[in-house]
Enquirer: 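Sharing a structure below in structure tokens format, with a few things to ask.
One is the number of the first residue; the rest follow in order along the sequence.
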Amino acid sequence: MRKPPCNLRHCIRTLIGTIIACLFLGLTACAPNIDARIAQRQDAFDAYPEAVQTRLRRGQIRLGDDTDAVWIVYGDPTEKVHRVDTKGRTDVWIYKILGYHERLYPTVRPVYHDVRGSIRGSYYFDDTPEYEWQEVLRVEFINGHVSAIQQTE
């Protein structure tokens with residue numbers, strides 16, 4: 001039985017999505033990145049008890065960890081936000097990845113071209129995928145220690 005021909009646009013979208021997923025996994029595949037960040041903040045890492053060092057090497061943070069521990073595991077955040085309320089100041093580190101978003105409906109876009117010296121307009125349907133930054137992790141700090149961890153599933 002013959003396989004149906006592959007829709008080129010679908011194959012390209014799948015390939016791009018796979019590449020982005022691999023890049024994300026590569027960026028979060030803890031060991032090499034964590035080891036490099038540990039080397040950059042060796043004094044802070046050495047000050048942690050053995051159990052905390054093991055947990056950080058595995059890429060795990062917990063409530064009560066300080067900013068150095070979070071930086072060792074995840075690196076620099078994509079965005080930092082500071083919030084002040086009646087409880088005091090909260091620092092929020094936000095981590096984002098570039099995500100793939102399939103369009104539900106194609107967009108109609110105008111096209112202008114020269115036809116025998118005069119400009120003519122026409123339209124085409126644009127159903128190319130969109131890419132947008134998607135938040136995957138949010139870590140909140142109060143007085144320099146983790147008070148909340150929010151992850152996207």
Side-chain angles (χ1 to χ4, degrees), residues 4-112 123-153:
C6 180
N7 179 347
L8 182 60
R9 185 172 283 163
H10 176 72
C11 290
I12 291 172
R13 288 180 185 163
T14 303
L15 177 63
I16 290 171
T18 303
I19 290 170
I20 289 172
C22 290
L23 286 173
F24 174 68
L25 290 175
L27 292 174
T28 59
C30 303
N33 294 330
I34 288 178
D35 289 339
R37 288 191 291 270
I38 287 172
Q40 290 179 29
R41 297 204 181 160
Q42 192 68 52
D43 293 339
F45 185 76
D46 291 341
Y48 295 126
E50 186 70 30
V52 174
Q53 290 179 3
T54 303
R55 179 171 51 82
L56 294 178
R57 283 190 191 277
R58 289 184 187 149
Q60 301 170 349
I61 61 169
R62 290 192 181 154
L63 298 177
D65 284 347
D66 61 7
T67 55
D68 284 330
V70 175
W71 184 87
I72 286 170
V73 172
Y74 293 111
D76 291 322
T78 312
E79 187 178 336
K80 288 183 180 181
V81 177
H82 307 288
R83 182 179 68 228
V84 178
D85 58 18
T86 57
K87 297 176 185 175
R89 179 184 166 122
T90 303
D91 297 316
V92 183
W93 288 9
I94 301 170
Y95 294 87
K96 297 180 180 182
I97 61 167
L98 192 59
Y100 170 78
H101 176 64
E102 182 86 30
R103 290 186 189 193
L104 294 177
Y105 302 102
T107 304
V108 178
R109 300 200 185 271
V111 178
Y112 301 98
Y123 298 93
Y124 76 98
F125 288 101
D126 182 9
D127 62 349
T128 56
E130 294 178 341
Y131 296 91
E132 61 189 5
W133 287 101
Q134 298 174 350
E135 184 177 314
V136 292
L137 176 67
R138 178 181 292 245
V139 182
E140 295 186 11
F141 299 92
I142 295 178
N143 297 325
H145 291 84
V146 176
S147 61
I149 303 169
Q150 178 180 337
Q151 287 183 306
T152 304
E153 292 185 11

Enquirer: Keeping the roles fixed (side chain from R83, backbone from T90), state whether a donor-acceptor pair exists under 3.5 Å.
Expert: no

Enquirer: Given R138, which of T152, I94, I149 fulfils the side-chain contact (heavy atoms from CB on, under 4.5 Å) condition?
Expert: I94

Enquirer: Is there a side-chain contact between I38 and R57 in this structure, where contact means two heavy atoms from C-beta onward sitting under 4.5 Å apart?
Expert: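 Answer yes - side chains close enough.
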
Enquirer: Determine the minimum heavy-atom distance between I142 and S147, stating which atoms define it.
Expert: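 That closest heavy-atom pairing would be CG1-OG, 3.6 Å.
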
Enquirer: Please report the shortest heavy-atom distance between H82 and R89, naming the atom on each side.
Expert: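 The pair with the smallest heavy-atom distance is ND1-NH2, 2.7 Å.
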
Enquirer: K80 versus F141: any side-chain heavy-atom pair under 4.5 Å?
Expert: no

Enquirer: Between Y48 and A69, is there a donor-acceptor pair closer than 3.5 Å when you use the side chain of the first and the backbone of the second?
Expert: yes

Enquirer: Do the side chain of R37 and the main chain of W71 share a donor and acceptor less than 3.5 angstrom apart?
Expert: yes

Enquirer: Taking all atoms of both residues into account, what is the closest heavy-atom pair of L137 and Q151, and its distance?
Expert: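 Looks like CD1-CG, 3.3 Å.
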
Enquirer: In Å, rounded to the nearest 0.5 Å, how long is the span from CD of E135 to CD1 of I97?
Expert: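 One finds 11.0 Å between CD of E135 and CD1 of I97.
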
Enquirer: Where do K96 and T78 come nearest, in terms of heavy atoms and distance?
Expert: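 Minimum heavy-atom contact is N-OG1, 2.9 Å.
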
Enquirer: Take atom CG in D85; do more than 12 heavy atoms of anything else shown fall under 6.0 Å from it?
Expert: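 Enclosed: over 12 neighbouring heavy atoms sit under 6.0 Å from CG of D85.
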
Enquirer: Main chain of D43, side chain of D46: is a donor-acceptor contact present, judged purely on distance under 3.5 Å?
Expert: no

Enquirer: About how many Å separate CG of N143 and CG of D66, when rounded to the nearest 0.5 Å?
Expert: 12.5 Å

Enquirer: Do any N or O atoms from the side chain of Y95 and from the backbone of G75 form a donor-acceptor pair under 3.5 angstrom?
Expert: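 Present.
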
Enquirer: Mind checking the OG1-CG spacing from T67 to D91? Nearest 0.5 Å is all I need.
Expert: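 Result: 9.0 Å between the selected atoms.
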
Enquirer: If you count heavy atoms of other groups shown closer than 6.0 angstrom to CZ of R41, is the number above 12?
Expert: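 Yes, the 6.0 Å shell around CZ holds more than 12 heavy atoms from other groups.
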
